[in-house]
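We name chains A, B, ... by the order of the sequence lines, and we start the count at 1 in each one.
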2 protein chains.
Amino acid sequence: MTRKRKSDESAGTKKAILDATQQIMCNEGYAAVSSRRVAEVAGLKSQLVHYHFGTMDNLMLALFRRAEEDFLARQVRSLTSTSPLRSLWKESLQQADAHLTIEFIALARHSEAIGNEVRRANETTRNIHSMIIAGALERADIKGAPAPEVVAFFIAALSRTLGTEEALGTSLAHEAVHTFVEDLLNKLEPASNP
Amino acid sequence: MTRKRKSDESAGTKKAILDATQQIMCNEGYAAVSSRRVAEVAGLKSQLVHYHFGTMDNLMLALFRRAEEDFLARQVRSLTSTSPLRSLWKESLQQADAHLTIEFIALARHSEAIGNEVRRANETTRNIHSMIIAGALERADIKGAPAPEVVAFFIAALSRTLGTEEALGTSLAHEAVHTFVEDLLNKLEPASNP
DNA sequence: GTCTATAGGCCGATAGAC
DNA sequence: GTCTATCGGCCTATAGAC
């Protein structure tokens, strides 16, 4: 049982480190993530961060992959929802992810390893969204509707910008944008049984 | 003439420092901006950065204000263009600003002083854009057009996201989005004399 | 797996000479 | 306005004991 207990502790420590990293990313930005700061938040020694994850770059990658798994799981739920478009829009607005996503995208511009992962994940998500949207547009049968990939891009652009500006403390036109999207959703996906 | 020569040199040094800071922001991100790194790029001693700008926070603020002036000057030109909507869209896509803007917005989330400036500038720009768009929509007389502020938000969201994703090295759906916007522009602002 | 100790580096900022 | 010199702090990462 020694092996099991040790590996449990290892998993617990790893989770604590990842949780702390995520918290710092969201609240203070990627630049504030350091082995010492992470250890402080997690209540550990900073050397443990290096023991479990090696370099800081590797820690960031591990966090991104964990976040991506949660994220994809929720996307798949949207795929099977009775109102996939609404579900997709709601998921895209989720702030917890939004802040983390913003930081990773900013970080990706300057770290090749992260950049590769973020690019791949971004494209995967865009493709999944396009599929969900294609089905919804087909069902709604709207004439002159833009291509699904364009709608997917719009959803990503609007939700990211709403999230970014909210974080910035401004909300100019936000309510009008929300209303506009809601109206569109009502046309594309009329409310049925909840 | 001593006073003039010295103040010229001071202005030259200040400009060199601001130029170097801007370059680092664009190429390496805000986190890479340090007095030593700035001085290295500008070919100066790092202490000069502190002499001329005091704190690093103050240097960032000075850069932001300089960039904002250039930016606003170009916006005003859009206001008086014969095709303001096209001009506005083209300006919004300018990459040089785009990267700088992205970094400042990311930085704003974690620095109160920068946050205040970015928020104010963002709202000013949004309002100017709304005015330009209101005029164009009125001229086009499209039925069922969204509110000008919503269109302004869309333009900001789309151009920022296009810029961000280009920097990320992905271009999924970008061409389709460009085409979509061009088609919209053709409806709202039919090409006349160039 | 976690601890102590430590090497080696970049950082912001200031003091004082010229 | 620019120089040299320097303080104190936080950083990544590793070595070796337990």
Side-chain angles (χ1 to χ4, degrees), chain A residues 1-21 23-25 27-64 103 106-107 110-114, chain B residues 1-21 23-25 27-64 103 106-107 110-114:
Chain A
M1 294 301 156
T2 301
R3 202 163 69 85
K4 184 158 191 307
R5 216 195 64 232
K6 286 238 173 162
S7 105
D8 277 1
E9 277 166 16
S10 176
T13 304
K14 278 192 169 181
K15 183 179 182 309
I17 290 171
L18 288 173
D19 289 346
T21 307
Q23 184 187 317
I24 295 165
M25 282 274 272
N27 297 338
E28 306 166 45
Y30 71 83
V33 174
S34 70
S35 55
R36 284 171 156 86
R37 182 89 188 90
V38 168
E40 187 186 26
V41 171
L44 301 165
K45 299 286 179 178
S46 71
Q47 295 89 332
L48 282 185
V49 175
H50 289 105
Y51 173 79
H52 285 284
F53 293 95
T55 65
M56 295 307 290
D57 234 55
N58 203 42
L59 168 61
M60 297 300 240
L61 275 177
L63 175 61
F64 182 80
E103 289 299 323
L107 177 56
H110 316 294
S111 158
E112 201 185 325
I114 292 286
Chain B
M1 294 302 159
T2 301
R3 201 163 71 83
K4 185 160 191 306
R5 218 196 65 233
K6 287 240 175 160
S7 105
D8 276 4
E9 277 165 16
S10 176
T13 303
K14 278 192 169 179
K15 183 180 181 308
I17 291 170
L18 288 172
D19 289 347
T21 308
Q23 184 187 317
I24 296 165
M25 282 274 272
N27 297 337
E28 306 166 45
Y30 71 83
V33 173
S34 70
S35 55
R36 284 167 158 88
R37 181 90 188 88
V38 167
E40 187 185 27
V41 171
L44 300 166
K45 299 287 180 179
S46 71
Q47 295 88 334
L48 283 185
V49 176
H50 289 104
Y51 174 77
H52 285 285
F53 293 96
T55 67
M56 295 306 291
D57 233 55
N58 204 43
L59 167 61
M60 298 299 242
L61 274 177
L63 175 62
F64 183 80
E103 289 299 324
L107 176 55
H110 315 297
S111 157
E112 200 185 326
I114 292 286

Minimum heavy-atom distance between [X] and [Y], given as atom pair plus value:
{"X": "A20(A)", "Y": "V41(A)", "answer": "CB-CG1, 3.7 Å"}
{"X": "Y30(B)", "Y": "L107(B)", "answer": "CD1-CD1, 3.6 Å"}
{"X": "A39(B)", "Y": "K45(B)", "answer": "CB-C, 3.6 Å"}

Report yes if a side-chain nitrogen or oxygen of [X] is closer than 4.0 Å to either non-bridging phosphate oxygen (OP1 or OP2) of [N]; otherwise report no.
{"X": "S10(A)", "N": "dG1(C)", "answer": "yes"}
{"X": "S34(A)", "N": "dC10(D)", "answer": "no"}
{"X": "T13(A)", "N": "dG1(C)", "answer": "no"}

(Q) Measuring only between side-chain heavy atoms, which start at C-beta, is E103(A) closer than 4.5 Å to H110(B)? (A) yes
Between [options], which nucleotide gets closest to the side-chain atoms of [X]?
{"X": "Q47(B)", "options": "dT14(C), dA13(C), dA13(D)", "result": "dT14(C)"}
{"X": "K45(B)", "options": "dA13(C), dC3(D), dG1(D)", "result": "dC3(D)"}
{"X": "R37(B)", "options": "dG1(D), dC11(C), dG1(C)", "result": "dC11(C)"}
{"X": "Y51(B)", "options": "dG1(C), dT14(C), dT2(D)", "result": "dT2(D)"}
{"X": "L48(A)", "options": "dC3(D), dC3(C), dC11(D)", "result": "dC3(C)"}

Please report the distance, rounded to the nearest Å, between [atom1] in [X] and [atom2] in [N].
{"X": "R36(B)", "N": "dT14(C)", "atom1": "CZ", "atom2": "C1'", "answer": "12 Å"}
{"X": "M56(A)", "N": "dC11(D)", "atom1": "CE", "atom2": "P", "answer": "9 Å"}
{"X": "H50(B)", "N": "dC3(D)", "atom1": "NE2", "atom2": "P", "answer": "15 Å"}
{"X": "L59(B)", "N": "dA13(C)", "atom1": "CG", "atom2": "P", "answer": "10 Å"}
{"X": "H52(B)", "N": "dG1(D)", "atom1": "NE2", "atom2": "P", "answer": "6 Å"}
{"X": "L44(B)", "N": "dC3(D)", "atom1": "CG", "atom2": "C1'", "answer": "12 Å"}
{"X": "I24(B)", "N": "dC10(C)", "atom1": "CD1", "atom2": "P", "answer": "15 Å"}
{"X": "I17(B)", "N": "dG12(C)", "atom1": "CD1", "atom2": "C1'", "answer": "15 Å"}

Q: Mind checking S46(B) for me? I need base, sugar-phosphate or nothing, with any heavy atom below 4.0 Å counting as a touch.
A: nothing
(Q) Just verifying a value: how many Å separate I114(A) CD1 and L63(A) CG, rounded to the nearest 0.5 Å? (A) 8.5 Å
